[in-house]
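Here is how names work: the chains are called A, B, and so on, in the same order as the sequence lines, proteins then strands, and each is numbered from 1.
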There are 2 protein chains.
Amino acid sequence: MGITKTEGFPSKVTDAALVFKALGHPARLAIMEYLANSTSCICNDIVDQIPLAQPTISRHLSELKKVGLIQGTIEGKNTCYCIDQKRWAELKKLINEFCIPQNNVTQSC
Amino acid sequence: MGITKTEGFPSKVTDAALVFKALGHPARLAIMEYLANSTSCICNDIVDQIPLAQPTISRHLSELKKVGLIQGTIEGKNTCYCIDQKRWAELKKLINEFCIPQNNVTQSC
DNA sequence: AATTCATATTGTAATATTGCAATATGGGAA
DNA sequence: TTCCCATATTGCAATATTACAATATGAATT
């Protein structure tokens, strides 16, 4: 059906899945990496960095914004995108809960 | 188009995106969490844990297997799924390269 | 006011994903 | 062999995603 069932899962799982999903596209991951390594907020520089058309990038940006990974501020003609550091810290914690396996658990295969 | 453009991105980015994408579904994330916290390999126990039909879970399992997150071993009647610890360590490293922002970079907004 | 530049939105077409019923497959038990 | 049990695969149908052209918007510049 193309529709993702979310009932029956803990909200922590569905929340984390949304973040992973947002990061699960080369363009969006490249945008995140670019923003994480930039000293200043970048605007249309992103368009020059990513090999996709401007409308497509705009849509990816709004998707990252939707899950709270980034933040956009209008500055005159330009829009300034950057990682929402506060939210990022929370998300990183969320991600690590799934990324890091329990050390005290030994698997039999 | 529904098609994801991968040309023009570093392979490190597209590789990581595939992993994130695989984790970007509640069912798959729940499976990973379950496997990470189990002392033994689980087989059809997963079907009892996830509120989805067996064929759907089977498909999610094969998707996780495709990106190397898990491993399946046939044991008589059952199939034993568990996290591929070696590959997981590599993937964790890959994920952290994108998850952890540079500390020496200060953002202006 | 007219133009330009940066970005967002909308429309549309192609493709991918998801979910389940139905069905296969293959091992072990009877 | 026949019957179950566990799992995989296939075949849809519904929906989501992706990409881009065209267009809108809105600020600054002329």
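At a threshold of 4.0 angstrom between heavy atoms, the contacts of A/Thr56 include nucleobase atoms, whether or not backbone atoms are also involved. Across all strands, A/Leu52 comes closer than 4.0 Å only to sugar-phosphate atoms, never to a base (heavy-atom distances).
Counting to the nearest Å, the P atom of C/dA29 and the CG atom of B/Asn78 are 11 Å from each other. A/Ile50 places its CD1 atom 12 Å from the P atom of D/dC20, with the value rounded to the nearest Å. Separating the CD1 atom of B/Ile74 from the C1' atom of C/dG28 is a distance of 15 Å, rounded to the nearest angstrom. In this structure, CD1 of A/Ile57 is placed 15 Å from C1' of D/dA21, rounded to the nearest angstrom. Rounded to an integer number of Å, the gap from B/Lys77 NZ to C/dG27 C1' is 7 Å. In this structure, A/Leu61 places its CG atom 15 Å from P of C/dA6, rounding to the nearest Å. The interatomic distance linking B/Arg59 (CZ) with D/dA8 (C1') rounds to 11 Å, in whole Å.
For the pair A/Cys43 and B/Ile3, nearest-nucleotide mapping onto DNA chain C gives the more 5' position to A/Cys43. Looking at which nucleotide of DNA chain C each of A/Ile42 and A/Lys5 is closest to, the 5′-most match is held by A/Ile42.
Summarising the geometry, atom CD1 belonging to A/Ile46 is positioned 11.5 Å from atom CD belonging to A/Gln54; distances are rounded to the nearest 0.5 Å. One finds the CG atom of A/Leu69 at 12.5 Å from the SG atom of A/Cys82 (value rounded to the nearest 0.5 Å). Atom CG of residue B/Asp45 and atom CD1 of residue B/Ile50 lie 11.0 Å apart, to the nearest 0.5 angstrom.
Between the side chain of A/Arg28 and the backbone N or O of A/Ala22 there is at least one donor-acceptor pair closer than 3.5 Å. The closest donor-acceptor contact from the side chain of A/Arg87 to the backbone of A/Val67 lies under 3.5 Å.
Comparing C/dG19, C/dG26, D/dA27 against the side chain of B/His25 picks out C/dG19 as the nearest. Taking every side-chain heavy atom of A/Pro55 into account, D/dA22 is the closest of D/dA6, C/dA6, D/dA22. With D/dA16, C/dA8, C/dG11 as the choices, the nucleotide that has an atom nearest any side-chain atom of A/Lys21 turns out to be D/dA16. The listed nucleotides are C/dA8, C/dA6, C/dG27; the one nearest the side chain of A/Ser58 is C/dA8. Comparing D/dA19, C/dC20, D/dA28 against the side chain of B/Ala53 picks out C/dC20 as the nearest.
Here B/His60 reaches the OP1 or OP2 of C/dG19: one of its side-chain N or O atoms lies under 4.0 Å away. In this structure, A/Thr79 does not reach the C/dA6 phosphate: none of its side-chain N or O atoms is under 4.0 Å from OP1 or OP2. The side chain of A/Tyr81 contributes an N or O atom lying less than 4.0 Å from OP1 or OP2 of C/dA8.
Not a single donor-acceptor contact under 3.5 angstrom links the side-chain atoms of B/Gln54 to the base of D/dA6.
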